[in-house]
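Taking it in order: structure first as C-alpha cells, then the write-up.
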4 protein chains.
Amino acid sequence: MDLRTPDPNPGWLSDDELSQVRRRMPILCVEAIPVRVDGLGKISEVGLLLRASPEGAMSRMLVTGRVMYGETVREALFRHLEKDLGPMAFPLLPTTPLPAQVAEYFPLPGMSPFTDERQHAVSLVFIVPVTGSCDPRQDALEITWLTPEDAVSDANMAEMEGGRGTLLRSALYGTGAL
Amino acid sequence: MDLRTPDPNPGWLSDDELSQVRRRMPILCVEAIPVRVDGLGKISEVGLLLRASPEGAMSRMLVTGRVMYGETVREALFRHLEKDLGPMAFPLLPTTPLPAQVAEYFPLPGMSPFTDERQHAVSLVFIVPVTGSCDPRQDALEITWLTPEDAVSDANMAEMEGGRGTLLRSALYGTGAL
Amino acid sequence: MDLRTPDPNPGWLSDDELSQVRRRMPILCVEAIPVRVDGLGKISEVGLLLRASPEGAMSRMLVTGRVMYGETVREALFRHLEKDLGPMAFPLLPTTPLPAQVAEYFPLPGMSPFTDERQHAVSLVFIVPVTGSCDPRQDALEITWLTPEDAVSDANMAEMEGGRGTLLRSALYGTGAL
Amino acid sequence: MDLRTPDPNPGWLSDDELSQVRRRMPILCVEAIPVRVDGLGKISEVGLLLRASPEGAMSRMLVTGRVMYGETVREALFRHLEKDLGPMAFPLLPTTPLPAQVAEYFPLPGMSPFTDERQHAVSLVFIVPVTGSCDPRQDALEITWLTPEDAVSDANMAEMEGGRGTLLRSALYGTGAL
C-alpha cells in the first residue's frame, strides 16, 4: 500500500526517472544571465551566483534549470529566476522565446564548448535585466555583481563550470558591453 | 556677418542638406514597437500612434526616426521614444543593438515590402516594453493600445504607411504573441 | 534468451519509453523550412512536404524531428533533412545553432500558437537553403515548391498541422520574402 | 561648359560630398566574415584579408563597405564580397537581412568597442560561407584562412583595426566555433 502524499505534478519525473532519462534524451533547459542595466539598456553589472558543491568546492553559476512538462520557456525562466534570486528580484523577461544564445552541453568534452557530466542538455540562454533586490535561495550562497569586464576576467571564467565562462563572454560580446 | 545663434549641433544636417542627402544615401533609422507586457514578458498590448498628415489624412505609426551623427543606436531609440511617447513612458530598452527586424524602405515599391517616398531608409526595429504612462507629443494625436490580434487586423494594417503593417505582423509573429 | 540484434543506440529510447517520456518532459526538436534561394540569398521558393496520415488525411509539413541523445542540433537537422529530402538535397546548414524561431508545441491549445497532440515539444526552427534535388522518402509523398506568397496562402496554411502555417508565415516575414 | 562623362550613378555621392557627409551622418555599412564550413555548417576556417595602408602598415580586415543609395543590404553584401574576394568565391548569402551582429564605429574611442577615424559607421555584420576560390582584388594583398582559434589569437586580433578583433571573436563565439 502506498501511503505517500500524491505527487503534486504527476506528469513530472521522479528523481530516479530523471536520472535515467538524462542518459537517454537531451534535456531542455533555460539559462539566464542576470544583469543590471542603465536607462539606455546598456549592461552595467552582471550577477553571478556563488555555489558550493556537495564536496565543498566553490563555483560561479548562472541561473539555470530544466523546462518542465507543460511549462512555457518564459514560465521556466521565471520560475528559475525566482528560485535563485528570490521573489523581489523583479526580472524583466524577454518579449520573445528566441534566445540570445543556444548552448549545447554534452557529458563528454569535444562535441561543443560546453560540458555537463550529468546529462546532454540544450540550453536557451537569455540576458535578463533585474530591477529589484536579489536574495539568493536554495544552494546559492550569494550573488555577486561585477562589471562586464570583471565578469569575464580569466579568474572568474576559471570558476565557472561546464564552459559557462565562454557562454557569458559570448553573450556579453553580443551586447556591446565588452 | 552671421548673427544666427550658433548651431547647437554643428555636425548635424540642415533640413536642406538632409533633403539632398536623402536622395543620395541610405538613411539609418531606428523603429520601436511600443508594447505592454505581463509579468512573464508576454505582449498583452501594442501601442500605435495616430498621426495626421499635413493634408489631414490619418495614419497609424510606430515610433521611428533617424540615428544622428555621434549617437548610438540605443540613444537614438531613447530619444525618439521620449519624443513620441513623452518623458513618463519609461521604456525598457534592449540590452543589445541587435534588432528584432531589419526593414529596408525604398522610394519605389517592388524592392522590398517597405516603401518611403522621401528616402531610402534602413531601419533597425526593436520591440520595446513601456512601463509608464504615455503622453504623445509632436505631431502624434494619440496613442492607442490594442491587443496583438487587433493591431494586425486588416483594418489596422491598411492604416499603416509604407508597409509597416507587415513589419508589425512580422515582429509580433516572432514573439509568439499572435 | 534474447536473440535480438543488439540495439545499435542503447542510449536511445524505445518506442514505449518514448511514448511515456513524451507525457512527462518537453521533447527537443528541430524543424527546417527548406527553401530555394537566388544568388543574393533571397528566398524564391519554399518546399512543403505532402504527408498522408494513417487515416488517409493529407497534410502539408515542414522537415521536423527529435534531437537524439548525444547529437548536436546541427547533426539532428542534417539527419532529418536527409531522411525527408533524400541524400541529394545538399542542404546548406546554418553556421550557428541560433534558430530563426522557437516554436513551443503543447498537447492542449491556448498555451501558444502551436499544438502537438502527442507531446510537449520545443522546436528550434531553421530556414535551410537546399541546392540539390529532393527525393522525399519515408512517409512523405512528395515535396512541392511554392512561391513564398503561395506557401502562406490561406488554403495552404489550412493544410498545415499544429499551427505550422503560422510558423511558416512568421519565419518568411522575418526574411523579407513576403 | 561641363564636358565630363555623365555620372553613371547620379544618385551617389562624389568623394568630396562623401567626406563631408561622413562627418554629419552615420554611414550604413555591411561587413562580412568569410568562412569555410563543413557539411554540417560548422565553421572550419575564417578568411582574413591582409591590407597595406597608404603608409605601408599592414592590417587584417574583414570584407566591409557602404550600402549605396537604392541598394538592398543583400546587394551591398554581394558587391563587397565580389570586390574583395573575386568573382569565383561563390558566397552563400544569408536568407535574412537580420545580421549576426551590429557594430557601431565612432571616430572617438569610448562610445563603443569599435572605432573608425573617418566616420560614424553602423555596420550590419554577417557570417558568410564561401564555397569557391578567392582571388582578392583591389587593395587587399591576400586572403589568409585560419582556424577559428587562430583567427582570434591575441596576435591576430592586434592586427585588426577599429576593434574588429573583438567583433570577430564575438561573432565566432555565437556560432559555437570557439
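Below, chains carry the letters A, B, ... as their sequence lines are ordered, and counting in each starts from 1.
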* Structure fact -> Smallest heavy-atom separation, B:V102 atom then D:P99 atom, equals CG2-CD, 3.8 Å

* Specify the closest pair of heavy atoms between D:P107 and B:Y69, including all atoms of both residues, with the distance to one decimal. => CG-OH, 3.4 Å

* chain D-proximal positions within residues 110-122 of chain B [heavy-atom distance under 4.5 Å] -> B:M111, B:H120, B:V122

* **Engaged part of B:Q20 at the chain D interface, taking heavy atoms whose separation is under 4.5 Å** => neither

* Asked: In terms of heavy-atom proximity below 4.5 Å to chain D, should B:L124 be classed as side chain, backbone, both, or neither?
  -> side chain

With a 4.5 angstrom heavy-atom cut-off, which part of [X] approaches chain B: side chain, backbone, both or neither?
X      : answer
D:L28  : side chain
D:A100 : backbone
D:V67  : both

* Rounded to the nearest 0.5 Å, how far does CZ of D:R22 lie from CE of B:M25? -> 9.0 Å

* First locate atom OG1 of D:T96, then atom CD of B:Q101, and finally report the distance between them rounded to the nearest 0.5 Å. => 7.5 Å

* Count the heavy atoms belonging to other residues, nucleotides or ligands that lie under 6.0 Å from CD of B:E159, then report whether that count exceeds 12. => yes

* Asked: Should we count CD of B:E45 as having more than 12 external heavy atoms under 6.0 Å?
  -> yes

* Quick one: of D:V73, D:L18, D:V21, who has the most non-hydrogen atom pairs under 4.5 Å with chain B? -> D:V73

